[in-house]
Amino acid sequence: MRLDRRGLIKTAGSLAIFTGLTSRPVFGRSLAGYPFTLGVASGDPHPDGFVLWTRLAPNPLERGSGMPMQAVPVQWQVAEDEHFTRIVHSGEEMARPELGHSVHAEVGGLRPARRYWYRFLAGGEASPVGTVRSAPAAAAAVDQLRIGVAGCQNYEAGYFTAYRHLSEEPDLDAVFHYGDYIYEHVAGRVCPKGEGGERTCFRSHVGDEIYSLDDYRRRYAQYKMDPDLQAAHAAAAFLSTWDDHEVDNNWVDTWDEQGTPPEMFLLRRYAAMQAWYENMPVRRAQFPAHGGLRMHRRLDYGRLLRIHLLDTRQHRTDQRCGLQNTTHCRPAEDTAPSQMLGAEQEAWLTDGMSADFGWNLLAQQVMMMPFLYPESRADGRHNFDSWSGYSDARARVLEAIGERGLTNVVVATGDVHKHHAGVVPMNEDDLDGPAAATEYVATSISSGGDGSDVPKGWGNVLSDNPHTRLLNDRRGYQVFTIGKDEWRTDVVGVDRVTTPGGAKTKIATLVTVPQKPGVHPA
Ligand code: FE
Ligand code: CA
């Protein structure tokens with residue numbers, strides 16, 4: 001037993017409990033090293049608890065992460081204070097080789113709207129400590145919520161400095177992760193070019209493009225070793241979703257961008273989905289199954305906020321032809337209705353949007369508002385991987401918002417590695433006409449590299465898109481401060497990511513009111 005090392009975190013007060021839990025043999029062999037190298041996480045808060053996550057990995061990049069191929073017991077503790085003097089709940093889960101020795105403890109029986117601290121114990125070691133807030137009680141009036149938005153964290157494109165700053169944001173209730181938690185490509189693809197054109201990788205993926213379950217596990221392990229990402233997880237519950245790079249660039253439904261036969265792509269997709277489940281702090285309702293994984297779900301925060309977490313990849317119809325590098329696509333002659341969410345999820349969403357909540361947040365991945373990029377302005381071509389490639393599906397959702405008379409719908413989006421804010425017009429041909437919802441698009445954590453405030457050649461973007469109010473190409477994140485009368489969005493950037501230690505800059509603070517979609521300066 002290694003009770004004398006890292007295990008004995010700062011506080012002497014925890015010693016008695018800690019020793020009590022680990023003074024029996026937990027399994028036959030001792031672990032190859034400290035098992036909590038990938039940190040801890042919490043997710044999907046309910047009024048009575050949340051999910052606590054960790055994954056044992058003494059040697060994270062080795063096959064099996066250096067774990068014995070057997071089930072290993074892991075204890076968890078939840079306390080009302082960071083020193084664990086008031087432990088209010090504890091339990092044990094098995095970390096099984098079938099799930100990459102990940103642990104998902106679904107903790108209940110706690111009090112609503114309270115901050116808690118948690119940790120895991122295994123193999124005579126203690127994990128780092130994380131903190132998490134339970135959701136408010138079902139019908140509670142809630143004064144204020146603080147929700148961060150982050151995603152698109154290409155490890156090779158830069159340091160996760162923005163996560164360090166996000167982890168220091170006060171009083172977060174949750175962080176919505178819009179996807180691209182990992183990128184699937186071979187090592188060395190995204191490396192800055194030097195003066196002479198040679199590429200230098202300052203952070204490089206391990207290995208080739210990922211296909212197998214072990215590949216995906218190792219890629220997640222490499223990302224999760226990042227201390228800034230670990231700090232963000234330890235600071236707040238994540239509401240985890242995926243976009244494309246958790247599987248393959250621009251995949252939808254049973255199709256990847258290379259046009260691989262669907263029955264083969266589905267094997268890869270299943271490995272990717274299993275690895276996603278193993279590595280995300282999600283509930284048992286998201287357990288992977290061969291037919292696919294139910295990612296879309298709903299989280300309520302009292303009467304103030306209903307969050308609809310959407311899956312805009314798995315149930316889509318194929319992209320319209322015209323998207324770069326995509327060999328399989330939907331020809332223009334195909335006039336059948338298009339699907340962005342699939343019929344079942346679309347009905348679930350439109351049924352669930354409700355005026356009983358102060359706000360409805362559609363937390364999803366790709367831009368819902370039409371958006372004209374400088375490069376496509378001449379021919380008026382929109383991004384066919386976004387909702388603009390699925391106009392009729394978008395129109396159905398907006399119509400449902402209109403039918404219910406909802407003016408309190410906010411859409412949170414990622415994907416484009418830029419900050420934008422604007423409204424989703426009821427009619428895509430009338431950009432500054434009546435609007436159905438407000439949309440905040442959060443930039444990437446690292447994808448795209450250092451960036452700049454306004455990219456070269458993007459000077460006309462705001463006038464070409466009169467329904468938008470913000471454009472910024474820095475890396476960073478957003479924080480929503482949500483109250484009954486006002487939704488405030490802090491747009492945060494970092495000045496660089498290709499070297500560590502980038503400074504945080506406040507790019508803008510924008511405000512939306514529940515009576516009418518719109519984005520206003522604070
Ligand atoms: Fe991305
Ligand atoms: Ca993406």
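Predicted model, so just to flag it, every value in this text is computed and none were measured. Start at 1 and go down the list; that is how both ligands and their atoms are numbered.
- Side chain of Glu168 to backbone of His165: no donor-acceptor contact under 3.5 angstrom is found.
- In summary, an N, O or S atom of Asp243 is located under 3.0 Å from the Ca ion (ligand 2).
- Ring geometry, Trp458 versus His420: the interplanar angle falls under 30°, so the pair is classed parallel (tilted spans 30 to 60°).
- At a cut-off of 2.8 Å, Cys152 coordinates the Fe ion (ligand 1) through an N, O or S atom.
- At least one side-chain heavy atom of Tyr216 sits less than 4.5 Å from a side-chain heavy atom of Ile182.
- At a cut-off of 2.8 Å, Ser444 is not counted among the residues with an N, O or S atom near the Fe ion (ligand 1).
- Looking only at N/O/S atoms, Asp180 comes nearest to the Ca ion (ligand 2) through OD2.
- Defined by atom type and a distance below 3.5 Å, a donor-acceptor pair is present between the side-chain atoms of Asp490 and Thr509.
- For Tyr277 and Phe287, the ring centers are positioned less than 6.0 Å apart.
- The N, O or S atom of Asp415 with the smallest distance to the Ca ion (ligand 2) is OD1.
- Asp244 has its closest N, O or S atom to the Ca ion (ligand 2) at the position named OD1.
- Look at Asp180 and the Fe ion (ligand 1): an N/O/S atom of the residue is under 2.8 Å from the metal.
- Below 30°, between 30° and 60°, or above 60°: for Tyr155 and Tyr223 the angle between ring planes is between 30° and 60°, a tilted geometry.
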